[in-house]
Amino acid sequence: HPGCSAVLQAARGYARPVTKKKRDTPSHLDDLPPTMLKKDYANLPIMNSVDDVVKRLLSLEMASQKEKMKVKTQQLVEKVRRSPSDNGSFEVQVAILTARIRTLEEHLQKHPKDKRNRRFLLMDVDRRRKMLGYLRRVNYGTFENTCRQLGIQYSPPQPYARRLTKRWMVKKALCIKVFQEKQKLKAAERLKQRRAWQARARAAQE
């Protein structure tokens, strides 16, 4: 504005534009009802007789992200476990890794520069792929049911393909040549030893 002072005009020139607030990304924890009790209090008989205020304090409405994760992991485990006492089968481990992977994916959407958690995510994805590959080889029915219940799409690891370069081809040819020369030397040494044994055998017979 022409009526403003020079200082105010300079301040307006350096002022940052107003940025819109980013929308919250959808979470896999959104389907948990807020009235559900936490994992440590869900199976207590005394919870049927406590006050509504106490129930609200012990519900997921007042719970932290870690406590919600426990409930979500328990739900995924219940879908694939073989029996009520099954806590260590491959299906249960895949369910636990799935909950952790989804949480890390949501975290990296908000904080894409977090290299530490990105490394943990890649490690968990690789570990889950190995477990699913084992289930696929051993029991395909269990593998198919686990993927369907957890909403996983299994993709087998891609075969390793080396990029062919002139330097690599020369190095490979040199290694092959060295190996062949070494095999020739070994063959000559074995022939020499065989002839020495035959000579000693003839001397012993005479």
Side-chain angles (χ1 to χ4, degrees), residues 19-45 47-48 50 52-161:
T19 57
K20 294 183 179 180
K21 186 178 180 181
K22 295 182 180 179
R23 295 181 180 179
D24 294 335
T25 56
S27 174
H28 71 289
L29 303 177
D30 293 340
D31 58 343
L32 295 176
T35 56
M36 181 183 292
L37 296 175
K38 300 177 185 178
K39 180 184 177 183
D40 299 334
Y41 306 100
N43 299 324
L44 293 179
M47 296 305 299
N48 298 325
V50 297
D52 294 338
V53 178
V54 178
K55 282 187 178 181
R56 186 180 177 188
L57 290 173
L58 300 179
S59 65
L60 297 182
E61 184 181 357
M62 304 292 180
S64 61
Q65 182 84 0
K66 186 176 180 180
E67 292 169 333
K68 291 181 181 179
M69 265 293 298
K70 289 182 180 180
V71 177
K72 189 65 179 180
T73 304
Q74 187 67 22
Q75 286 185 355
L76 295 179
V77 168
E78 290 293 338
K79 291 181 180 180
V80 297
R81 71 186 345 172
R82 303 175 185 176
S83 62
S85 60
D86 179 19
N87 296 317
S89 63
F90 275 88
E91 303 92 279
V92 172
Q93 295 181 50
V94 168
I96 295 172
L97 287 173
T98 301
R100 193 185 308 166
I101 287 169
R102 291 173 180 171
T103 304
L104 289 174
E105 286 176 346
E106 295 170 5
H107 173 79
L108 289 172
Q109 287 180 1
K110 298 178 182 178
H111 310 280
K113 295 185 179 181
D114 191 350
K115 296 182 180 180
R116 180 173 178 269
N117 283 313
R118 185 176 296 279
R119 177 173 171 268
F120 290 153
L121 173 64
L122 294 176
M123 290 170 62
D124 289 342
V125 169
D126 185 61
R127 185 180 174 192
R128 186 180 69 175
R129 184 185 292 116
K130 290 180 180 179
M131 290 184 178
L132 288 174
Y134 174 79
L135 282 176
R136 188 184 183 191
R137 293 192 305 270
V138 175
N139 192 342
Y140 189 81
T142 303
F143 160 78
E144 196 173 17
N145 179 63
T146 303
C147 292
R148 183 176 64 253
Q149 293 291 339
L150 301 178
I152 302 173
Q153 186 176 2
Y154 174 75
S155 57
Q158 297 295 328
Y160 177 72

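Positions are given from 1, in the same order as the sequence printed here.
- Separation of atoms CD (Q153) and CG (L132) is listed at 12.0 Å; rounding is to 0.5 Å.
- Partners of D114 by side chain to side chain donor-acceptor pair (under 3.5 Å), not counting sequence neighbours, listed by chain and number: H107, N117.
- By the salt bridge (Lys or Arg N to Asp or Glu O under 4.0 Å) test, K38 is found to be paired with E67, residues two or more places apart in sequence or in another chain being considered.
- Rounded to the nearest 0.5 Å, atoms CG (L32) and OG (S59) are 11.5 Å apart.
- Annotation: ring pair (Phe, Tyr, Trp, His ring centres under 6.0 Å) contacts of Y134 (sequence neighbours excluded): F90.
- Legend: salt bridge (Lys or Arg N to Asp or Glu O under 4.0 Å) pairs involving residues 93-102, not counting sequence neighbours, sorted by first then second residue: R100-D124.
- K72 meets the side chain to side chain donor-acceptor pair (under 3.5 Å) test with D31; sequence neighbours excluded.
- In this view, R81 and Q74, V77, E78, D86, N87, V92 satisfy the side chain to side chain contact (heavy atoms under 4.5 Å, CB included) rule, not counting sequence neighbours.
- Note: T103 OG1 to L108 CG = 11.0 Å, rounded to the nearest 0.5 Å.
- Annotation: side chain of L29 is not in contact with side chain of L60 (no heavy-atom distance under 4.5 Å).
- Taking CZ of R127 as the start and CD1 of I101 as the end, the distance is 10.0 Å to the nearest 0.5 Å.
- Every residue meeting the side chain to side chain contact (heavy atoms under 4.5 Å, CB included) condition with R136, not counting sequence neighbours, appears here in chain and number order: Y140, F143, Y154, P156.
- R119 meets the salt bridge (Lys or Arg N to Asp or Glu O under 4.0 Å) test with no other residue; sequence neighbours excluded.
- With sequence neighbours left out, the salt bridge (Lys or Arg N to Asp or Glu O under 4.0 Å) criterion links R129 to D126.
- Nearest heavy-atom pair across Q93 and G88 is NE2-O, 2.9 Å.
- Annotation: side chain to side chain donor-acceptor pair (under 3.5 Å) contacts of R137 (sequence neighbours excluded): none.
- Considering NE2 of H28 and CD of Q75, their distance stands at 10.0 Å, rounded to 0.5 Å.
- Applying the 6.0 Å contact sphere to CZ of R148 captures more than 12 heavy atoms from other residues, nucleotides or ligands.
- What you find for M69 and A99 is that their closest heavy atoms are CE-O, 3.8 Å.
- Contact of the V80 side chain with the V94 side chain is not registered, since no non-hydrogen atoms from C-beta on lie closer than 4.5 Å.
- Remark: the T146 side chain and the E91 side chain contain no N/O donor-acceptor pair separated by less than 3.5 Å.
- R128 meets the salt bridge (Lys or Arg N to Asp or Glu O under 4.0 Å) test with no other residue; sequence neighbours excluded.
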